[in-house]
Asks: 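The following block contains the structure, expressed as structure tokens.
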Amino acid sequence: MKMWSGRFRQALDPEFELWQRSFQFDRRLLKYELQASAAHAKALKSAGILSADELINILDGLQKIADDSAVSQSSLQDDDAEDVHHFVEKQLVARIGELGYKLHSGRSRNEQIATDLRLFVRAAIDQLRAELAEVCAALIDSAEQAGSAAMPAFTHTQHAEPVLVAHWLLAYVEMFWRDADRLADCRKRVNVCPLGSGAVAGATLPIDRAAIAAELEFDAPTANSIDATADRDFALEFVNALSLCALHLSRWAEEMIVFSSQEFAFLRLPEAYSTGSSAMPQKKNPDLPELVRGKCGRIIGNATALMITMKGLPLAYNKDLQETQQPLFDAADAVIGMLPLVAGFVKAVEFDYPRMNEAASTGFMNAWAAATYLVQRGVPSRLAHELIGKAVKLAIKKNCELQDLTLAELQALSPAFDESFYERLNLSSVLAIHDVPGGTAPARVRQGIASAKKKIEALREEIHAHA
Ligand code: ARG
């Protein structure tokens, strides 16, 4: 039986009937639909609509649907179900008879779908935060293993200054940690319960909304029935948070790809996460980071799709809202699916530290340190910059590095140079002068590793306590 055929004189156009359904994608919400339905059934009992026996029968029936779907996916085949809400009603009636129809008393699918989606997003957030913690943990391990190895840091994709490899890896820890934090913040606004909002104006029966919210571990019932059934900003916020996370992942992926190229050769691609070419026998291709980079486009596309679907919709529920489900699922699946692979890749990738160190020692990466040397000897910064620029020009002409210029050549530029200049130019001195919180001096990076570890430990503990 349909959920709404009473007032219709004509049957639906069969093609339209199939086309407007959502069951092919919203069946994945079954678990949440069953949980929310059980909570609603209990509220119906408290409201005097169901007897104690009826409640037991309904809860039993809902449990059986859950058990069957856990055992076999084929129990989710239903050629008539319009959506997951209709499916559960049909299944319940098939198991417990007409009593099953009582479950829908005082509720609307508009509040049900809003609730199921909130439960879905909440679970996805918890899983994503756990996965992000593991990616961060793998990056921190890798930073520890890198020890004192250095590499070039780039600005404008040009050699800028040397940094510790560990410092570079910790930059990604910060980004992914913020992504996890953003999701936690989003969770606060996700975790309110629409049940009892009815179709738009509020439930028509005295439903104890606080009890339902508590039963489903929501922080509170939603405050306004129109808003609760009409808005999807929790989903938009979530997918936008995913877009930022994917964007960070895509930047990491891009660096993995570029640094694995023969021109950089800073790292060796792990064979377990690479593929070959069917044509060129020598190839080992960075498919994992390439797909991560590529999926980022899809995820941002999903966020855009959601924004545009919602834009200009009048309050309250409109069937357009059904179209918010697939971009939401697709974005969640994409990020949930790639984070464990990224963690695996981070653990497996091998860096060529000697080569990275070598690259960090050449190409005038000590030029700012050289200018700082002059500044510390009283030369005004702008003049020091100019002087070292001239020294660089001379070195380019002689095809050498700054430290290869003779003291006579340097003193011809300024009497402020003396022998001590050369010590200040070696790689370890250059690294050491960046001795501020958040800088790349080795002691600062050790602090960075320690505090990153603390943050991730706290995140892991919080996730553990939740589970
Ligand atoms: N499948 C619908 C959706 O995803 C459920 C809500 C249907 N409500 C309605 N009034 N037709 O939005």
Side-chain angles (χ1 to χ4, degrees), residues 1-8 10-13 15-37 39-40 65 69 76-92 101 103-124 190 193-204 212 216 222 224-236 238-239 302 305-333:
M1 184 170 174
K2 287 216 173 307
M3 295 183 96
W4 44 262
S5 55
R7 63 96 72 205
F8 280 73
Q10 256 184 19
L12 284 192
D13 174 90
E15 249 178 74
F16 168 66
E17 208 280 325
L18 281 176
W19 178 81
Q20 55 91 42
R21 290 181 186 181
S22 53
F23 188 54
Q24 64 273 26
F25 48 83
D26 70 14
R27 71 180 83 195
R28 66 184 294 163
L29 298 172
L30 179 65
K31 179 173 145 198
Y32 308 117
E33 175 71 10
L34 292 170
Q35 286 169 5
S37 292
H40 179 69
I65 301 171
S69 70
L76 287 176
Q77 278 324 320
D78 185 322
D79 292 340
D80 292 321
E82 183 176 323
D83 54 26
V84 68
H85 322 293
H86 187 208
F87 174 78
V88 168
E89 181 170 283
K90 287 182 62 201
Q91 292 285 321
L92 195 58
Y101 289 130
L103 177 60
H104 206 59
S105 313
R107 74 172 179 177
S108 154
R109 285 183 296 164
N110 300 352
E111 60 184 314
Q112 285 172 259
I113 188 61
T115 305
D116 294 356
L117 290 175
R118 283 178 184 272
L119 289 169
F120 169 84
V121 172
R122 185 177 77 182
V190 168
C193 185
L195 287 185
S197 297
V200 58
T204 53
I212 300 192
L216 294 171
T222 50
N224 179 290
S225 62
I226 303 175
D227 172 53
T229 50
D231 211 343
R232 293 292 182 269
D233 61 357
F234 66 91
L236 270 66
F238 170 64
V239 177
N302 285 323
L306 286 176
M307 291 285 190
I308 296 175
T309 303
M310 296 303 294
K311 181 192 166 297
L313 273 190
L315 303 182
Y317 179 83
N318 298 276
K319 189 84 171 217
D320 312 45
L321 293 181
Q322 188 168 285
E323 290 297 310
T324 61
Q325 292 189 36
Q326 285 164 297
L328 167 66
F329 297 152
D330 189 60
D333 289 346

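All values reported here derive from a predicted model rather than from experimental measurement. Atoms within a ligand are numbered from 1 in the order they appear, just like the ligands themselves.
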Asks: Under 4.5 Å between any side-chain heavy atoms of Arg107 and Leu195, yes or no?
Replies: no
Asks: With heavy-atom distances below 4.0 Å as the criterion, list the atoms of ligand 1 near His85.
Replies: 5 (C)
Asks: Indicate the atoms forming the closest heavy-atom contact of Ala114 with Phe234, along with that distance.
Replies: O-CZ, 4.0 Å
Asks: Return the set of residues passing side-chain contact (heavy atoms from CB on, under 4.5 Å) with Ser22 (not counting sequence neighbours), or none when no residue passes.
Replies: Phe25, Asp26, Asp83, Gln322
Asks: Answer yes or no: does an N/O atom from Asp83 fall short of 3.5 Å to an N/O atom of ligand 1?
Replies: yes
Asks: Indicate yes or no for a side-chain donor-acceptor contact from Arg27 to the backbone of Phe23 under 3.5 Å, with no hydrogens or angles considered.
Replies: yes
Asks: Using a plain distance cutoff, I'd like to know if Gln322 has any nitrogen or oxygen under 3.5 Å from a nitrogen or oxygen of ligand 1.
Replies: yes
Asks: Answer with yes or no whether Arg21 contacts ligand 1, where contact means a heavy atom under 4.0 Å from a ligand atom.
Replies: no
Asks: I need the atoms of ligand 1 closer than 4.0 Å to a non-hydrogen atom of Ser22, numbered in the order shown.
Replies: 1 (N)
Asks: Nearest heavy atom to atom 11 (N) of ligand 1 wins, so pick from Glu82, Arg109, Gln325.
Replies: Arg109
Asks: Quick one: does Lys319 get an N or O within less than 3.5 Å of an N or O on ligand 1?
Replies: no
Asks: Which heavy-atom pair separates Leu216 from Ala39 by the least distance, and what is that distance?
Replies: CG-CB, 3.9 Å
Asks: Tell me whether the NZ or CZ atom of Arg28 lies within the 45° cone about the ring axis of Phe329 and under 6.0 Å from its centre.
Replies: yes
Asks: Identify, for atom 7 (C) of ligand 1, the protein heavy atom at the shortest distance, and state residue, atom and that distance.
Replies: Tyr317 OH, 3.4 Å
Asks: Of Asn110, Leu117, Thr229, Ile113, which has the heavy atom at the shortest distance from atom 9 (C) of ligand 1?
Replies: Asn110
Asks: Indicate yes or no: at least one non-hydrogen side-chain atom of Arg232 is less than 4.5 angstrom from one of Leu328.
Replies: no
